[in-house]
Amino acid sequence: MDLIKATQLTKSFKEHQVIKCLNVKIEKGKTIALIGPNGAGKSTTIGLLLGLIPPTSGTINHWCEHFKEKVGVQLQATPFFEGFTVEENLQLFASFYHIKLDQVKLEEKLKAFDLLAMRKKNATHLSIGQQKRLAIAVTTLHNPELVILDEPTAGLDPQAQKKIRDMLLELKGKGMTIMFSSHDMAEVTKIADVVIFLSQGEIIAQGAPADLLHAHNVDHLEALFFQLI
Amino acid sequence: MKKIFTLTLKTTMRDMYLLFWSILLPVIGLVIVRYFFDHVSESLYLIGGIVGVSVLMYAFMTTSFHILSQRKRGVFQLLHITPMPLWKYIVSTSMARAITAILSGVCIIVIGLLMFQDRISFKTFMLFIPVFFLAAISYVILSFFVSSLAKSEGQMSLVANIITMPMIFLSNAFYSLESAPKMIQTLQVVNPYQWFINGLHAAINIDLSSYFISMALLIGFALLSSLLALGTFKYE
């Protein structure tokens with residue numbers, strides 16, 4: 001089953017066409033990695049798929065009418081409500097999804113994302129790694145069917161990257177459908193079932209990592225990236 | 001909605017900016033008038049004027065900058081992809097901010113009364129609260145609209161000043177406009193800040209007909225602000 005199916009999608013900002021005839025589908029249970037150089041259109045694609053950005057042309061079909069209740073999103077900037085602590089942000093987002101987060105559930109969530117010690121800290125004062133963990137905690141609050149993460153490990157040190165990677169693998173293990181954008185080819189190799197290469201708003205290759213490597217006669221995704229881009 | 005309201009109220013109450021801008025500055029104003037001017041007549045009107053400015057500044061200025069900052073951070077984009085309807089978010093946060101504005105207004109009144117060794121009746125005090133609430137909620141909701149007009153803090157400052165300064169100066173919060181040119185008097189009649197001041201003055205004089213006219217005008221202004229806020233809201 002396709003959770004999201006985008007057909008012939010284009011997006012222009014004034015004269016500049018940033019997305020050119022994109023056909024993307026997010027299959028239930030799969031982990032899809034969106035990769036490409038800076039400015040390739042990854043964040044715009046995510047915005048289009050979520051309905052945050054209206055397309056210039058093309059269609060996007062979501063698997064259910066109230067898909068917002070079943071999707072969790074981490075945006076690249078990991079924004080949080082200003083002046084709110086870590087636990088207040090979790091409680092606030094929980095209320096957006098009509099979830100009652102009692103103390104037990106709240107502490108479970110904080111523990112699961114290694115945020116218990118900083119629960120009373122202003123969320124905007126956290127380190128980048130902590131903010132990313134909080135963003136993913138917010139993303140998964142309502143146990144969504146689909147999780148979309150825009151560069152979840154960008155700007156993190158190797159230890160923090162590993163923590164996020166482990167979290168993604170845990171979500172994958174639970175059977176969640178995941179779409180994430182990344183520049184880290186090792187991460188993509190470890191996590192993704194399907195890889196979509198995007199360049200200048202166009203898909204230049206997509207498929208299972210092993211199939212792509214075989215088809216292009218390369219050993220690893222980084223080599224394929226340099227070959228394609 | 002209840003959770004959004006309580007959490008917003010909690011965070012606004014511990015905002016140190018609130019203390020400085022909305023309570024301390026008006027109190028400094030009261031101190032200056034009380035101790036540096038020889039004769040102050042009608043101190044209740046003066047306190048009313050200063051409280052009015054404080055409520056306007058907190059409800060409108062502080063909220064406008066806060067909303068702009070949230071928008072620039074991308075918080076509203078996240079809100080957009082949740083099932084939370086926009087109107088519920090605006091109403092809940094506006095209520096919380098209006099309550100905070102009322103509390104800061106009440107603090108200034110109490111300090112002002114102590115300073116001028118004046119007193120108000122319980123009836124006047126009770127009549128003040130709904131006027132504060134309606135004015136504060138109108139200005140908070142209006143700030144959602146106004147913050148959509150600005151792209152940066154610099155623009156926000158300009159737009160906010162363009163709106164608040166004429167509102168204050170075209171009112172009789174601190175001086176009478178009886179001998180002002182006809183055009184100024186006409187503008188005063190359609191000034192939402194004047195409706196707020198009229199409500200406060202009517203509460204002081206316990207003039208109920210004037211009080212309810214001000215309340216009706218403020219309700220109309222709140223509804224108009226709501227339509228503008230919902231119609232123009234920008235998620236990013």
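This is a predicted model, so every value here is computed, not measured. Each chain gets a letter, A, B and so on, in the order its sequence line appears, and its residues count up from 1.
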query = With side chains defined as the heavy atoms from C-beta onward, is the minimum distance between B:Q77 and A:L75 less than 4.5 Å?
reply = yes
message = Could you check whether any side-chain heavy atom of B:I81 comes within less than 4.5 Å of a side-chain heavy atom of A:L52, counting everything from C-beta outward?
response = yes
B:T11 and A:E88: side chain donor to acceptor below 3.5 Å = no
key: A:K68 NZ to B:H80 NE2 distance, which is reported to the nearest 0.5 Å   = 4.0 Å
request  = Look up atom OG1 in A:T124 and atom CZ in B:R73, then write down how far apart they are to the nearest 0.5 Å.
outcome  = 5.0 Å
Give a yes or no on this: more than 12 heavy atoms of other residues, nucleotides or ligands lie within 6.0 Å of atom [atom1] of [X].
X: B:F125; atom1: CZ; answer: no
X: A:K172; atom1: NZ; answer: yes
X: A:K20; atom1: NZ; answer: yes
X: A:I128; atom1: CD1; answer: no
X: B:M95; atom1: CE; answer: no
X: A:E27; atom1: CD; answer: yes

key: Heavy-atom contact with chain A under 4.5 Å, split by part of B:S69   = both
task = Could you look at B:T8 and say if it's the side chain, the backbone, both or neither that has a heavy atom under 4.5 Å from chain A?
result = both
ask   = Do side-chain atoms of B:R14 reach the backbone of A:G83 as a donor and acceptor pair under 3.5 angstrom?
value = yes
remark   = Taking every heavy atom of A:P79 against every heavy atom of B:G74, the minimum-distance pair comes out as CG-O, 3.3 Å
note = Comparing A:Q91, A:E69, A:E82 against chain B, the one with the most heavy-atom pairs below 4.5 Å turns out to be A:E82
ask   = Which one, A:F80, A:F67, A:F96, leads in non-hydrogen pairs under 4.5 Å with chain B?
value = A:F96
Pick from B:K10, B:M1, B:K2 with the largest number of heavy-atom pairs that fall under 4.5 Å of chain A = B:K10
request  = Over 60° means perpendicular and under 30° means parallel, so classify the ring planes of A:F81 and B:Y89, tilted if in between.
outcome  = tilted
Contacting region of A:F93 [heavy-atom separation from chain B under 4.5 Å] = side chain
